[in-house]
Amino acid sequence: MDRIDACIFDLDGVIVDTAKYHYKAWKRLANELGFDFTAEQNELLKGLSRTRSLEIILEIGGVQLSPEEQAAQAARKNEWYVDMIRHMQPDEVLPGARAFLESLQKAGVKTALGSASKNAGTILERVGLAALFDVVVDGNSVTASKPDPEVFLKGANSLHADPAYCVVFEDAIAGVQAAKAGGMKVVGIGSVEVLGNADMIVSGLGDMSLQRLKDL
């Protein structure tokens, strides 16, 4: 890509690893509802909204709740999760993420966060990365979950960037699908077996550089 208008990043698994905190909170909720929730089952929730994640967990446990009860349980889970992320530290940024974001800023490449998390702003503040993002689009400002491209398209629009010249960084299948649906290039963070439809796959942002972006 000779022209790059913007880079848009998912949060969990790309910039920081908050999956462990989500898992602890969801597992606690499942246990209180009378069933277990394993780390393997937690993989099903990657990239999904809180509401959809709860629906899947209730399906796993065979538990039926009214819409009002579901909202209350989702709120409880979020309280536990927020309490944990309030204690996050800058050293929880994944290897290479800060340096890559700084290199983009120095090069004048606009950056956006595109995450289903409703707590993205809090996390960026806690780990000291807020100043490296021009725009944050999170679960508070979108209505459709990935693989719908809404979160990425809103990020591009907020930056006045052409989606065709945007690069998304994602670690989840639903996120890769969302980026593609939005007409964007996508760099998968993870394994070829899982993210084979991405335009490039790396183990982490430590493997990225401006030159590798241009090679897309």
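Every value quoted in this text rests on a predicted model; they were computed, and no experiment measured them. Numbers here simply count residues along the sequence, with the first being 1.
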Taking the side chain from Asn140 and the backbone from Lys118, do they hold a donor-acceptor pair closer than 3.5 Å?
yes
To the nearest 0.5 Å, tell me how far Asp138 CG sits from Leu11 CG.
9.5 Å
Between the main-chain N or O of Asp207 and the side-chain N or O of Arg212, is there a donor-acceptor pair closer than 3.5 Å?
yes
Does the distance from a Lys or Arg side-chain N to an Asp or Glu carboxylate O, for Arg28 and Glu32, drop under 4.0 Å?
yes
Indicate whether any N or O donor in one side chain lies under 3.5 Å from an N or O acceptor in the other, for Gln41 and Tyr23.
no
Minimum side-chain heavy-atom gap Ile173-Val194 below 4.5 Å
yes
Atom of Leu104, atom of Thr111 and distance for their closest heavy-atom approach:
CD1-CG2, 3.9 Å
Working for side chain to side chain contact (heavy atoms under 4.5 Å, CB included), residues Leu94 and Leu205
CA-CA 8 Å; Leu94 291 173; Leu205 292 180; over 6 Å; no
Taking Val137 as the starting point, is it possible to reach Ile15 by hopping between hydrophobic residues whose side chains are less than 4.5 Å apart?
no
Contact between Leu153 and Asn157 at the side-chain level, heavy atoms closer than 4.5 Å - yes or no?
no
Quick check: is Val135 connected to Val168 through a chain of hydrophobic side chains (ILVMFWY, heavy atoms under 4.5 Å apart)?
yes
Going by distance alone, is a donor N or O of one side chain under 3.5 Å from an acceptor N or O of the other, for Asn78 and Asn119?
yes
Distance in Å, Ile57 CD1 paired with Phe35 CZ, rounded so as to fall on 0.5 Å steps
6.5 Å
Side-chain touch Leu216/Leu213, heavy atoms, less than 4.5 angstrom
yes
Using side chain to side chain contact (heavy atoms under 4.5 Å, CB included), reason through Val187 and Ile201 one step at a time and then give a plain yes or no.
CA-CA 6 Å; Val187 175; Ile201 297 174; over 6 Å; no
For Cys166, is there any backbone N or O sitting under 3.5 Å from a side-chain donor or acceptor partner on Asp162?
no
Do you know the tightest heavy-atom contact between Leu210 and Ala107?
CD1-CB, 3.7 Å
Just checking Gln89: does its CD atom have more than 12 heavy atoms from other residues, nucleotides or ligands closer to it than 6.0 angstrom?
yes
Smallest separation among heavy atoms of Ala112 and Leu159, with atom names:
CB-CD1, 3.6 Å
Min side-chain heavy-atom separation Glu92-Lys20 under 4.5 Å
yes
I'd like to know if Lys154 and Glu150 make a salt bridge, using a cut-off of under 4.0 Å between side-chain N and carboxylate O.
yes
Nearest 0.5 Å, what's the CG-OG distance between Asp148 and Ser49?
11.5 Å
Does the side chain to side chain contact (heavy atoms under 4.5 Å, CB included) test come out yes or no for Leu129 and Leu101, once each step is laid out?
CA-CA 9 Å; Leu129 291 181; Leu101 287 165; 4.3 Å; yes
Verify the distance criterion only: is there a donor paired with an acceptor across the side chains of Lys110 and His160 at less than 3.5 Å?
no
What's the separation between atom CZ in Arg50 and atom CD in Gln70, rounded to the nearest 0.5 Å?
13.5 Å
Does any part of the side chain of Lys77, heavy atoms only, come nearer than 4.5 Å to the side chain of Leu29, both counted from C-beta?
yes
Would you be so kind as to tabulate the donor-acceptor pairs closer than 3.5 Å made by side chains of residues 177-186, with sequence neighbours excluded?
| residue | atom | partner | partner atom | Å |
| --- | --- | --- | --- | --- |
| Lys180 | NZ | Asp199 | OD1 | 2.9 |
| Lys180 | NZ | Asp199 | OD2 | 3.1 |

Salt-bridge criterion met for Glu79 and Arg76 (N-O under 4.0 Å)
no
Is any side-chain N of the basic residue among Glu40 and Lys27 closer than 4.0 Å to the acidic one's carboxylate O?
no
Over all heavy atoms of both residues, which pair between Ala97 and Val93 is shortest? Give the atoms and the distance, please.
CB-CG1, 3.7 Å
Note, His22 side chain near Ser53 side chain (heavy atom, < 4.5 Å)
no
Does Glu68 offer a backbone N or O that forms a donor-acceptor pair with the side chain of Gln73 under 3.5 Å?
no
What's the separation between atom OG1 in Thr122 and atom OH in Tyr81, rounded to the nearest 0.5 Å?
9.0 Å
Quiz question: by atom type and distance under 3.5 Å, do the side chains of Thr18 and Asp12 form a donor-acceptor pair?
yes
In the single-linkage hydrophobic clustering (I, L, V, M, F, W, Y; side-chain heavy atoms under 4.5 Å), do Val136 and Ile123 co-cluster?
yes
Note: Met88 and Arg126 closest approach over all heavy atoms is O-NH2, 3.0 Å
Could you give all pairs that pass the ring-ring contact (aromatic ring centres under 6.0 Å, His included) test and reach residues 163-202, with sequence neighbours left out?
Phe9-Phe169, Phe100-Phe169
Using the rule that two of Ile, Leu, Val, Met, Phe, Trp, Tyr join whenever any of their side-chain heavy atoms come within less than 4.5 Å, decide whether Val109 and Val14 are in one cluster.
yes
Exceeds 12 heavy-atom contacts within 6.0 angstrom, atom CG of Asn197
no
Is the shortest heavy-atom distance from the side chain of Leu45 to the side chain of Phe37 under 4.5 Å?
yes
Between Ala120 and Leu113, the two heavy atoms sitting closest are CB-CD2, 3.5 Å
Nearest 0.5 Å, what's the CG-CG distance between Leu65 and Leu54?
7.0 Å
If hydrophobic clusters are built by linking Ile, Leu, Val, Met, Phe, Trp and Tyr wherever their side-chain heavy atoms come under 4.5 Å apart, do Val192 and Ile189 end up in the same one?
no
Of all residues at least two apart in sequence or in a different chain, which pass the salt bridge (Lys or Arg N to Asp or Glu O under 4.0 Å) check with Lys146?
Asp10, Glu170
Within the side chain of Arg98, is there an N or O that forms a donor-acceptor pair under 3.5 Å with the backbone of Gly128?
yes
Would you say the side chain of Val167 lies within less than 4.5 Å of the side chain of Met1, judging by non-hydrogen atoms?
yes
